[in-house]
Amino acid sequence: MLTIQSLREEKHRILAALDKRHFDAREAIQQVLEWDAVRRKTQAKLDDTLAQSNVLSRKIGGLIREGKKEEAEAVKAQTSSLKAQSSELKEQMQALETQIHDALCHIPNAPHADVAAGRSAEDNVETFRSGDASTLEHHKKPHWDIAEQCQLIDFELGAKVTGAGFPFYRGKGAKLQRGLIRFFLEQADTAGYEEFIPPHMINPDSGFGTGQLPDKEGQMYHMQDDELYMIPTAEVPLTNIYRDVMVKEDDLPIKLCGYTPCFRREAGSYGKDVRGLNRLHQFDKVEIVQFAHPEESYATLDGMVEHVKGLLEALELPYRILRLCGGDMGFTSAMTYDFEVWSAAQERWLEVSSVSNFETYQANRLKCRYKGNDGKTHLVHTLNGSALALPRIVAALLENHQDNSGIRIPSAIVPHCGFKRIDFS
RNA sequence: GGAGAGGUGCCGGAGUGGUAACGGAGCAGAUUGCUAAUCUGUCGGCGGGCAACCGUCGCCCGGGUUCGAAUCCCGGUCUCUCCGCCA
């Protein structure tokens with residue numbers, strides 16, 4: 001969430017930035033600032049009351065030690081009004097803090113100055129394109145047909161055992177999956193990201209830390225008996241490693257990566273969006289995460305974009321990069337680049353990666369800070385990106401790299417999956 | 001799942017109702033002068049102040065009792081030991 005301090009100091013910049021999302025926060029921010037002013041006055045009163053009562057308590061302690069019981073009782077009588085006053089002030093403080101917190105949780109992050117205003121995906125800005133997406137070869141089969149024909153992925157078996165959106169990968173389909181994960185992890189390793197295997201379930205504090213709670217509660221699978229959520233992305237456990245941590249300024253940037261399955265309920269999706277591998281309830285992804293110095297975080301974001309570009313080049317897929325407009329960005333992001341690969345058979349772009357800088361929005365929730373050279377503590381900037389999400393990559397590989405007799409595996413992947421082709425049987 | 005013990009600062013570790021001993025590490029400053037020693041300081045949140053600084057809260061978390069809670073009470077959580085179950 002946004003910091004109160006930033007609302008106090010640069011309200012107008014933030015309001016203008018939020019306008020790019022078509023989010024009018026004027027009323028909410030004004031309200032928060034008013035509550036904050038009351039809160040500060042209330043605290044001054046409360047502190048003063050507690051100070052008085054501390055003085056009296058010490059006096060009582062001293063008198064009792066000296067054996068002056070009657071005098072001590074007399075002082076005790078003086079404390080009752082202070083006690084009533086302080087408990088009332090405490091209640092007011094708590095109520096104000098809750099109100100402020102709830103209000104802040106409902107204000108999205110302020111987009112960076114370079115983010116375009118816009119309402120939907122149509123206003124996104126294409127910043128890069130590679131490969132030929134214009135040559136449409138209509139003989140090409142969609143990936144779901146190939147997956148079935150070559151026995152790579154069994155959607156029906158998954159539906160039987162679990163439900164729609166939980167496919168089985170089998171044979172070369174499973175090996176391709178494993179090979180891609182390996183390739184992505186090794187590329188991340190080479191780029192200096194430390195590998196983690198995180199838990200696949202998280203508690204509510206972690207869900208709040210990265211912003212899935214309370215806004216996106218309905219998108220996560222929830223174990224009610226144990227109050228745990230299945231992770232929708234490795235971003236959640238990886239970023240929460242540094243929840244409530246004071247890092248050393250010299251240790252920045254901190255670079256983490258990890259492979260996990262991701263679980264998403266995807267409530268409300270339907271039709272061609274969910275055909276084949278386009279949208280699943282469980283899918284595999286390698287995630288990269290960085291904790292960066294505020295002055296470096298946009299250079300860091302560029303570096304992460306370059307990293308993902310390298311992966312897509314190695315996969316020899318046509319792709320483009322979009323800088324999302326205000327209206328299409330996630331709630332917590334200040335700037336997001338989406339990567340999309342071209343699906344030759346479906347003749348449309350498929351999102352395979354989203355790389356974002358959250359600036360201090362997550363760090364404020366996480367309380368992840370460092371002590372600067374100025375001796376003060378500052379929030380770090382957090383960033384993350386998919387590098388990469390598997391299903392749509394597999395879809396694009398099957399559709400783009402097919403010839404008359406089968407699928408050619410890009411040479412970068414061959415050593416990791418162990419075969420060069422998948423032949424049509 | 002059952003029983004017991006425990007959680008104090010960066011680390012070790014005292015503290016059974018009077019407002020966090022002591023020892024060590026790192027860092028900073030001062031001082032001595034040289035394989036270093038000594039002294040002082042050292043954390044976080046919130047609020048006030050130009051600032052030095054002041055107030056308040058923080059002894060796993062959340063409540064409660066009390067003039068006053070690390071200490072007593074209730075709930076939770078995590079760790080350890082034993083038993084049970086188990087890949």
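By convention in this document, chain letters (A, B, ...) are assigned in the order of the sequence lines, proteins followed by strands, and residues within each chain are numbered from 1.
The separation between Asn54(A) atom CG and G55(B) atom P is 10 Å, rounded to whole Å. Note: CD (Glu97(A)) to C1' (C57(B)) measures 11 Å, nearest angstrom.
When each of Ser80(A) and Arg58(A) is assigned the nucleotide of RNA chain B with its nearest heavy atom, Arg58(A) is the one assigned upstream, toward the 5' end.
Pairing partner, A14(B): none, since no Watson-Crick or wobble contact has both distances short of 3.5 Å. Pairing for A20(B) is absent, with no Watson-Crick or G-U wobble pair whose two atom distances lie under 3.5 Å. Partner assigned to G9(B) is none, using Watson-Crick or G-U wobble distances below 3.5 angstrom. Under the Watson-Crick or G-U wobble criterion, with both distances below 3.5 Å, G75(B) is paired with C61(B). Of all nucleotides present, only G26(B) satisfies the Watson-Crick or G-U wobble test against U42(B), with each distance under 3.5 Å. The nucleotide C50(B) finds no pairing partner, because no Watson-Crick or G-U wobble arrangement with both distances shorter than 3.5 Å includes it. Using the Watson-Crick or G-U wobble rule with both distances under 3.5 Å, A3(B) pairs with U81(B).
Rounded to whole Å, the P atom of U8(B) lies 11 Å from the corresponding atom of C61(B). Nucleotides A21(B) and G15(B) are separated by 14 Å at their P atoms, to the nearest Å. Separating the C1' atom of C27(B) from that of G9(B) is a span of 15 Å, rounded to the nearest Å. With both ends at atom C1', the span from C59(B) to U71(B) equals 10 Å, rounded to whole Å.
Ion pairing of Asp123(A) with Arg119(A) is absent here, as no side-chain N (NZ or NE/NH1/NH2) approaches a carboxylate O to less than 4.0 Å.
Taking the ring centroids of His381(A) and Tyr298(A), they lie at or beyond the 6.0 Å cut-off. Between His378(A) and Tyr370(A), the gap from one ring centroid to the other is short of 6.0 Å.
If you check G47(B), G44(B), U56(B) against the side chain of Arg8(A), the one that comes closest is G47(B). With G48(B), G44(B), C46(B) as the candidates, the nucleotide lying closest to the side chain of Lys371(A) is G44(B). For Ile60(A), the side-chain atoms get nearest to G18(B) when compared with the rest of G18(B), U66(B), G44(B). Comparing G44(B), G47(B), G18(B) by their closest approach to the side chain of Ile64(A) singles out G18(B).
Note on Met93(A): nothing from the nucleic acid sits closer than 4.0 angstrom, heavy atoms only. At a threshold of 4.0 angstrom between heavy atoms, the contacts of Ser57(A) include nucleobase atoms, whether or not backbone atoms are also involved. Residue Leu50(A) is classed as a sugar-phosphate contact, given heavy-atom separations below 4.0 Å to backbone atoms only.
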Dump every N/O contact between nucleotides 60-63 of chain B and the protein below 3.5 Å, one line per pair.
none

So which protein nitrogen or oxygen atoms get under 3.5 Å of nucleotides 84-87 of chain B's nitrogens or oxygens?
none

